[in-house]
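The block underneath contains the structure these notes are about, expressed in structure tokens.
Computed from heavy atoms alone, side chains included, the values below leave out hydrogens, waters and symmetry copies.
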Amino acid sequence: MKKVFFALMAGLAVFACTPAEYDDTAIKEQIDNLDDRLTKVEEDLATLELNVAGMKTLAEALKTGKYVESVVELEDGTGYTITFSDETTIVVKHGEKGATGEKGDTGATGAAGEAGKTPTVTVKDVDGVLYWFINGEQGPSVYEEAPKFSSVDGNLYVTYPGGEPVYVGALTGKSIFDSVVPNVEEGTVTFTFVGENGEPGDSFVLPLAEAFSLEIATSVGLAMNQTEVEIPYTVKGANATTTVDVLAVACEAVVEAEVIKVSNIAAGAQMLVFADNGEGKTSIKKVVFASESYSVEAVDYVIPAEGGHVVVKGVSNVPFEVVIPAEATWLTQVVAKSPFELTFSAEKNEGEERSAKVDFVRQGTEEVLMSVTIAQPVAKAFAELVWDAKVPFGSGQDRNMTMDSEYVYVAQAAGGNGAIKAISIADPTQVKDVKVTTYTPAGLDNGTHAVTCVRMLPNTDPAVNGGKDVLVGSNLTTGDGTEKLTVYVWSNGIDADPNYFVIDSGVRRLGDKFTVKGTYQSGELHFFDFNDGNTVIRVNMKDGVAGLWGTPELAYATGRYAMPVAGASNIGECTIHPDATFDGDGNPSAALLTTNAVNGFFTQNSGNAYVASAWGTDPKLTQTWGYNFFEHDGKDCIAYVKVAGDRASAALNIIEDVNGAADFKGTLEAQKVLFTAPVNGTGNAGHGLGDCATVVIDGTRYIAVMAQNIGISLYKLN
């Protein structure tokens, strides 16, 4: 290296004679690179010499049976400090994997270099003797004087005892050791050499000394009035000279093999226990004594009826086991936390109220230390039956109903003078007549049936009907045009005569059923027209006055829209989602039409023209009536009645409105059922009609449901 350095200095002397403006930056960079290279060569050579010395010590350890006391990684991560059982310490480094060297120059003490290569210096066992191997060639025994290494011009030379320097290769790459890996569990340290091409090569193993430590409980729990105890101990890494002694305070202690016998234990007793291996290593542990303490929080432990968990908290310095009665299969321990926090869980309880006494038993015994009782009430049904009633009419005369906070109203669809019965919600045996009057012409004796359908109009004016909702009804027209649709409005209550409005609607059969949109002050009644293209007639309400679109005195009124239902019967009902959108002419975006044969869902095509997305005779949706929309317990719900195919039974169905107005049809198809229950009674429903109504009374929602010639059932929601 000096030769190259001097040559560069000579070059600098020549450049110093050139004009002053010469830029010598390039020369300075060459000098800096040279310094870096010199530093790297010196570091590599120092690492090699360090590892050669360490290898000789390791060889002696293999020969004499010494073991490794500790392996500590160097702070820079380049190797390890290794301490042996005789306190001998060495440092070995694993360096970095080197690149292929350049072609070597002619050395001061060696021949012209060959193409550079990463040298390998390792040790191998040959017939029980360790030998040096350099670039795969065997050298002298490791137990003899170690070889000497030197560097010239970045090339490595080795000199064996009594020999001359021999070229090894370019001084690059790892040096002797590839890795040193201790394994505490197996008690070994594995030394791996660098092999060919810088990859891991041969390896050998030395035993690793077990760490010296005293293992003993540092806290000992005592039962009440207990003054004696035996405490086991172990000493890891013990040798033949290891001793164990104890210093006792407020107690007496005797050390025996692997156990300390303690007696006369008083309040505040404790011990210092010493383990000494006779070679300068000591392990000390403090042992304290504590009387047993255990308790559990005195609270009611209740798992919710819908299912969930409960956390039992307490304190205990006594090991215990949790015992759940075998018959309490519903109860499960989920998580145990320290020091005392136990979680128990159960699924929804749909049976009877249940409880279980959970014991905390001293570990390894049957002694019950403490107990808790975990209970779970019964999950309430979504709804429960309040009463059943037969309709006070002749057979099959009950088609429709509605309700307010006092009565369930049923219309008598039987021709002649109309009748409407009001059944008390509080006591269904109490029934009264809604006041009706025969008008001339076109009073309650008008049409095929004088009155056939009743509904409630929401009222926002406290001056109307005492602020209560208003009963509204209709007749059933003959369908030949000789009688008109009549709408009746009890603006002054059910004990006063109703107002009535004759609707000139043409040749149509209307009034079997109708639905309400809006309020008494501003709303609409939707009637299904069977005889003329299945059109829905919109009768408008304004401050209790009813009229059709085009009626001069009701210029605000709207008209009709066509929703053809193929194969329909003469019973119809139109349902529009309460959040549906309407165009400027009052036409909804979609609607559900029901007959006693088929159900069809219709979407707006253009204006008041609609296209069917029919379900036809889908058994889930045919013969379903009286759709009501409401919110309960955080869920949007839809209630309706479903009449069986043989018309001999019916059921209340409540489903979750999962899609809202955005996809009313998808909600009906999904049928996410929340509750279903029968309409109690027997009979045959004739046309297969049913109806459903809902109201909130004193914060509780009630739902009345009926089916023709079967009966009425009242449910309340929990």
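His632 places a side-chain N or O within donor-acceptor distance of the main-chain N or O of Asn718, the cut-off being under 3.5 Å. Of the possible donor and acceptor atoms, one in the side chain of Asn628 sits under 3.5 Å from a partner among the backbone N and O of Gly626. A donor-acceptor pair is defined here as one N or O able to donate and one able to accept, closer than 3.5 Å; such a pair exists between the side chain of Trp625 and the backbone of Gly688. A side-chain donor-acceptor contact under 3.5 Å links Asn400 to the backbone of Thr452. Put simply, the side chain of Lys357 never gets that close to the backbone of Ile374: no donor and acceptor are under 3.5 Å apart. No donor-acceptor distance shorter than 3.5 angstrom exists from the side chain of Trp490 to the backbone of Asn465, with no hydrogens or angles considered. Under the 3.5 Å distance criterion, the side-chain polar atoms of Gln623 are left unmatched by any main-chain donor or acceptor of Gly690.
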| request: Kindly indicate, with the supporting measurements, whether the criterion side chain to side chain donor-acceptor pair (under 3.5 Å) is fulfilled by Thr622 and Asn599. | output: CA-CA 5 Å; Thr622 53; Asn599 275 27; over 6 Å; no
| CA sep, side-chain torsions, deciding dist, call: Asp691, Arg455, salt bridge (charged side-chain N to carboxylate O under 4.0 Å, His left out) | CA-CA 11 Å; Asp691 214 344; Arg455 297 287 182 251; 2.8 Å; yes
| query | Passes side-chain contact (heavy atoms from CB on, under 4.5 Å), Leu592 versus Leu621? Steps please. | reply | CA-CA 11 Å; Leu592 169 69; Leu621 296 167; over 6 Å; no
| Which is it for Val358 and Leu342 under the side-chain contact (heavy atoms from CB on, under 4.5 Å) test, yes or no, and what are the steps along the way? | CA-CA 11 Å; Val358 178; Leu342 310 178; over 6 Å; no
| said: Set out, in order, the CA-CA distance, both residues' side-chain angles and the distance that settles side-chain contact (heavy atoms from CB on, under 4.5 Å) for Val408 and Tyr702, then state yes or no. | reply: CA-CA 11 Å; Val408 173; Tyr702 291 82; over 6 Å; no
| message | For Lys432 and Asp495: C-alpha separation, side-chain torsions, deciding distance, then whether salt bridge (charged side-chain N to carboxylate O under 4.0 Å, His left out) applies. | response | CA-CA 10 Å; Lys432 65 180 293 185; Asp495 296 322; 3.0 Å; yes
| message | Quick one, Thr575 with Phe629, criterion side-chain contact (heavy atoms from CB on, under 4.5 Å). Give me CA distance, side-chain angles, the key distance, then yes/no. | response | CA-CA 10 Å; Thr575 301; Phe629 302 81; 3.8 Å; yes
| field | Stepwise salt bridge (charged side-chain N to carboxylate O under 4.0 Å, His left out) check, Arg538 with Glu524 | value | CA-CA 6 Å; Arg538 298 208 307 261; Glu524 296 177 2; 3.5 Å; yes
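Taking the side chain as every heavy atom from C-beta outward, Ile494 and Tyr407 approach each other to under 4.5 Å. Cys574 places a side-chain heavy atom less than 4.5 Å from the side chain of Leu593. Ile425 has its side chain out of reach of Glu406: every pair of non-hydrogen atoms, C-beta onward, lies at least 4.5 Å apart. The closest side-chain heavy-atom distance from Met456 to Met403 is not below 4.5 Å. The shortest distance between side-chain heavy atoms of Met706 and Val391 does not fall below 4.5 Å. With a 4.5 Å cut-off on side-chain heavy atoms, Asp512 and Arg399 count as touching. Within the 4.5 Å cutoff, no side-chain heavy atoms of Tyr640 are placed close to those of Val705. You'll find the side chain of Ile324 reaches within 4.5 Å of the side chain of Phe344, heavy atoms only.
In this structure, a donor-acceptor pair under 3.5 Å is present between the side chains of Asn653 and Thr676. A donor atom on one side chain and an acceptor atom on the other are found under 3.5 Å apart for Tyr409 and Asp404. Remark: the Gln521 side chain and the Asp461 side chain contain no N/O donor-acceptor pair separated by less than 3.5 Å. Side-chain N/O atoms of Asp698 and Thr700 include no donor and acceptor closer than 3.5 Å. Looking at Tyr627 and Thr515, their side chains never bring a donor and an acceptor atom within 3.5 Å of each other.
The side chain to side chain contact (heavy atoms under 4.5 Å, CB included) with Tyr488 is formed by just one residue from the set Val436, Asn499, Asn475, Val472; it is Asn475. Between Asp636 and the choices Asp657, Ile655, Asn659, the side chain to side chain contact (heavy atoms under 4.5 Å, CB included) rule is met once, by Asp657.
Geometrically, Lys635 does not engage Phe382 in a cation-pi contact, judged by NZ or CZ lying under 6.0 Å from the ring centre and within 45° of the ring axis.
Here the shortest heavy-atom pairing between Val679 and Gly711 reads CG1-O, 3.4 Å. Nearest approach of Asp663 to Gly666, heavy atoms of both residues: OD1-N, 2.8 Å. Among all heavy-atom pairs drawn from Ala639 and Phe630, the shortest one is CB-CE2, 3.6 Å. Considering all non-hydrogen atoms of both residues, Leu652 and Cys692 come closest at CD1-SG, 4.2 Å. Shown here for Trp387 and Ile423, the closest heavy-atom pair between the two residues is CH2-CG2, 4.2 Å. Between Val516 and Leu525, the closest heavy-atom pair is CG2-CD2, 3.7 Å.
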Would you tabulate the side-chain donor-acceptor contacts of residues 296-305 under 3.5 Å, counting partners in other chains and residues two or more places apart, or write 'none'?
residue : atom : partner : partner atom : Å
Tyr301  : OH   : Glu297  : O            : 3.0

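Taking CD of Glu631 as the reference point, atom SG of Cys637 lies at 7.0 Å (rounded to 0.5 Å). To the nearest 0.5 Å, atom OG of residue Ser522 and atom CG of residue Leu457 are 11.0 Å apart.
Environment of CD in Glu352: sparse, with no more than 12 heavy atoms of neighbouring residues, nucleotides or ligands closer than 6.0 Å.
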